[in-house]
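Note that these values count all heavy atoms, side chains included, but never hydrogens, waters or copies made by symmetry. For clarity, every value in this text was computed on a predicted model and none was experimentally measured.
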Amino acid sequence: MRNLNIALVAVLAVSATAPAFAADRISDSDLLRASRCLGLAKAANLGAVDAKALDAFVKAQRKGRDPGLRDRSDTTEQTARSQGASANGDRKAALLAERDGACKALIENPTGA
């Protein structure tokens, strides 16, 4: 009986903390979006910006995810960084607009707090 009570308490404790953890986790598509923004932020050709907070956020969000999604996140970041590194003219302007527009808030405050 004592073992049953201990097991019940453990299950209740885990189930009570699970929703709080899930609320801190962004969706898979948001992780990929953040990874793209991180790649653009790190692209030296675009005038790299300080993205330490976003980098830490993305790394934390990758933990515990499906390995395939982690790979897609890495690839998305590298692709954006590569695009930024080789961009010129209109393409560079478009990437700068994306980084300084849609990604700006995420780069400055990735947690949204």
So how far is it from Arg70 CZ to Ser35 OG, rounded to the nearest 0.5 Å? 12.5 Å
Closest non-hydrogen atom pair, Ala43 against Ala85: CB-N, 4.2 Å
Quick check: closest heavy atoms across Ala51 and Ala41, and the distance to 0.1 Å? CB-CB, 3.7 Å
Acceptor/donor pairs from residues 52-59 side chains to any protein atom, 3.5 angstrom cut, sequence neighbours excluded:
none

Quick one: which residue pairs count as a disulfide bond (SG atoms under 2.5 Å apart) with a foot in residues 35-75, not counting sequence neighbours? Cys37-Cys103
Take Leu69 and Leu32 through the test side-chain contact (heavy atoms from CB on, under 4.5 Å) and record every step on the way to the result. CA-CA 8 Å; Leu69 179 64; Leu32 296 176; 4.1 Å; yes
Where the side chain of Gln61 meets the backbone of Asp24, is there a donor-acceptor pair that is under 3.5 Å apart? yes
I'd like to know if the side chain of Ser82 and the backbone of Gln78 have a donor-acceptor N/O pair within less than 3.5 Å. no
Joint cluster assignment, Leu38 & Leu40, ILVMFWY side-chain distance < 4.5 Å: no
Distance (rounded to the nearest 0.5 Å) between Asp28 CG and Arg65 CZ: 5.0 Å
Nearest heavy-atom approach of Leu95 to Ala87 is CD1-CB, 3.7 Å
Qualifying salt bridge (charged side-chain N to carboxylate O under 4.0 Å, His left out) pairs, either residue in residues 84-103, two or more places apart: Arg36-Glu98
Around Arg62, counting heavy atoms of other residues, nucleotides and ligands shown, do more than 12 lie under 6.0 Å from its CZ? yes
Examine Leu96 and Leu106 and state if one hydrophobic cluster contains both, with Ile, Leu, Val, Met, Phe, Trp and Tyr joined whenever side-chain heavy atoms are less than 4.5 Å apart. no
To the closest 0.5 Å, what do you measure between CD (Glu108) and CG (Asp50)? 10.5 Å
